[in-house]
> 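This structure is in structure tokens; I'll ask about it shortly.
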Protein chains: 2
Amino acid sequence: MSRPRAFDETAALDAATDHFWRHGYTATSVRDLGQAMGLGPASLYNAFGDKHALFTQCLDRYLDGSMRERIRRLEAGLPPRAAIEAFLEEIVARSLADPRGCMLVNSAVEVAPHDPGVGAVVAGRLRELEGFFARCAAAGQAAGTISRAHPAEDLGRLFLTTVMGLRVLSRARPEAALLQGAARQALALLDTPEREH
Amino acid sequence: MSRPRAFDETAALDAATDHFWRHGYTATSVRDLGQAMGLGPASLYNAFGDKHALFTQCLDRYLDGSMRERIRRLEAGLPPRAAIEAFLEEIVARSLADPRGCMLVNSAVEVAPHDPGVGAVVAGRLRELEGFFARCAAAGQAAGTISRAHPAEDLGRLFLTTVMGLRVLSRARPEAALLQGAARQALALLDTPEREH
DNA sequence: GACATTATGGAGCGGACGCTACATAACCCC
DNA sequence: GGGGTTATGTAGCGTCCGCTCCATAATGTC
């Protein structure tokens, strides 16, 4: 019925995501995106809408492929305490290996405060991550592998905060001793001896 | 000898800082800055150099007036454990009250990765903050007000990470329960019962 | 008051910005 | 192979970007 697209949509989105990820929203121009995606402006606007709409598609794809994938994989494949430990380990390893940092953090800082739509997406994903940690903490406490000294809700809040902090620190101080030390110290909360009563 | 400046340099720098703080480096134009500072472009460039030089002056002033001021005040006026607690409390209160977030975090995420000069400044200030927490932790342990269950270096690393994380979370989820819960949980590390041996 | 020096306002440089219009090309359906 | 429909390349819209030039103004020195 009509002429088909001459490019791979997912490859184009991946290229756009990489560009937003590296340079942020404002510092990325539509011309940059078109070049990275191998598209002229007409094709870009026809397929993905304007710059803002393209960014939200990239952010959604990024979050599905990184954060949600990790939550699903670890929660399904590991016991709760190990899932928490593995999450932090992966975050540290990624922070040390990938200079692009975390697109969720980048968006929370650069875009979310000025963009209610992106702000809602970011807030929702942060709640998902907090929920993962809180669920694992509660399950580990029920299974006896995690100390009951602290409420699971607060553990979830602190692990979420720790992940965000690690991702920020890695942009200016990508040092293994720093990131591993912080993660180790957060995980120590899982072993707090319980006071006798 | 020559015509004097017709504007207050510190007030102009404060106005520029506020603009960079709210909108970030890239999204702030020199015209915006000139309008906020009450200066024409000629005066602005003559007094402060180009946009990048002005930004670094704003960032330095901001850090001296917020982070360094807080470290100095708390470390001089409070015992070590209380200094740590007060720092986190102030960060939470400020995060809930001021929608601009933390300019150090903003700069670490937006500017530092693409700018070695700013990156060095940010890394240095992060080290100062880590040092404050580590010093307080060690002093508190020596005074007996902080548990010796964890090494002071790791406590410093985690508190630094926690502050960074709180500052990120507050941009998308400025919720008292979340930020206070995370801070409370981090501070619980100061009370870890020591295992008998 | 003439002079040297710095500050200021305004005009404007070349280029990049996000985005659009339009003619043409490539496909499916019949 | 014509017709309908969508995709694509190019040219270019109006605006804003960082920054500079230049004529003029305001000061201290003598």
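Excluded from the calculations below are hydrogen atoms, water molecules and symmetry mates; all remaining heavy atoms, backbone and side chain alike, are included. Throughout, protein chains are lettered first and strands after them, A, B, ... in sequence-line order, and every chain is numbered starting at 1.
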> Is there a side-chain contact between A:Leu178 and B:Leu160 (heavy atoms, below 4.5 Å)?
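Result yes, sub-4.5 Å side-chain heavy-atom pair found.
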> Would you call the rings of A:Phe7 and A:Phe48 parallel, tilted or perpendicular if under 30° counts as parallel and over 60° as perpendicular?
tilted
> Measure up the B:Phe133 and B:Phe159 rings against each other and bin them: parallel (under 30°), tilted (30 to 60°), perpendicular (over 60°).
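Rings of B:Phe133 and B:Phe159: tilted, 30 to 60°.
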> Here's a test of your reading of the structure: between B:Leu39 and A:Arg31, which maps to the more 5' nucleotide of DNA chain C?
B:Leu39
> Figure out the OH/P separation between B:Tyr45 and D:dC22, and round it to whole Å.
17 Å
> Describe the nucleic acid contact of B:Pro4 in one word from base, sugar-phosphate, nothing, applying a heavy-atom distance below 4.0 Å.
sugar-phosphate
> Give the rounded distance in Å between these two atoms: CZ of B:Phe55 and C1' of D:dC19.
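My rounded result for the distance is 19 Å.
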> How many whole angstroms separate atom CZ of A:Phe48 from atom P of D:dA7?
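To the nearest whole Å, that distance equals 11 Å.
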> I want to know whether A:Phe20 and A:Tyr62 have ring centres closer than 6.0 Å.
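Not close enough - the centres of the two rings lie 6.0 Å or further apart.
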> Could A:Lys51 and A:Tyr25 be counted as a cation-pi pair, given that NZ or CZ must be under 6.0 Å from the ring centre and within 45° of the axis?
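Positive - A:Lys51 is close enough to the ring of A:Tyr25 and near enough to its axis.
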> Please report, rounded to the nearest Å, how far the P atom of D:dG18 is from the OH atom of B:Tyr25.
8 Å
> With a 4.0 Å cut-off on heavy atoms, is A:Ala42 in touch with a base, just the backbone sugar-phosphate, or nothing at all?
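Base: the residue A:Ala42, judged by heavy atoms under 4.0 Å, touches a nucleobase.
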> Looking at every strand, decide which applies to A:Thr26 at a 4.0 Å heavy-atom threshold: base, sugar-phosphate, or nothing.
nothing
> Output side-chain donor-acceptor pairs under 3.5 Å for residues 112-123 of chain B, partner residues at least two apart or in another chain, one line each.
residue, atom, partner, partner atom, Å
B:His114, NE2, A:Arg22, O, 3.1
B:Asp115, OD1, B:Gly117, N, 3.0
B:Asp115, OD1, B:Val118, N, 3.0
B:Asp115, OD2, B:His52, NE2, 2.3

> If you only use heavy atoms from C-beta on, which nucleotide in D:dC17, D:dC19, D:dT6 is closest to the side chain of B:Ser29?
D:dC17
> When you measure from the side chain of B:Gln141 to the backbone of B:Ser147, do you find a donor-acceptor pair of N or O atoms at a distance under 3.5 Å?
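Yes, because the side chain of B:Gln141 sits within donor-acceptor range (under 3.5 Å) of the backbone of B:Ser147.
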> Between which nucleotides of DNA chain C, read 5' to 3', does contact with chain A run, using atoms under 4.0 Å from its heavy atoms?
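Terminal contacting nucleotides, 5' to 3': C:dC17 to C:dC28.
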> Take A:Asn46 and A:Pro41, find for each the nucleotide of DNA chain D with the closest heavy atom, and name the residue whose nucleotide sits nearer the 5' end.
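Its nearest nucleotide being more 5', the pick is A:Asn46.
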> Can you tell me whether the side chain of A:Arg3 and the base of D:dA7 have a donor-acceptor pair closer than 3.5 Å?
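By the distance-only test, yes, there is a pair.
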> Quick test of your reading of the model: are B:Asp64 and B:Arg125 salt-bridged, counting only N-O distances below 4.0 Å?
yes
> Judged by each residue's nearest nucleotide on DNA chain D, which is more toward the 5′ side, A:Leu44 or B:Ser2?
A:Leu44
> In residues 111-119 of chain A, which ones come under 4.0 Å of DNA chain D, going by heavy atoms?
none
> Given 3.5 Å as the limit, does a donor-acceptor pair link the side chain of B:Ser107 with the main chain of B:Leu104, or not?
no
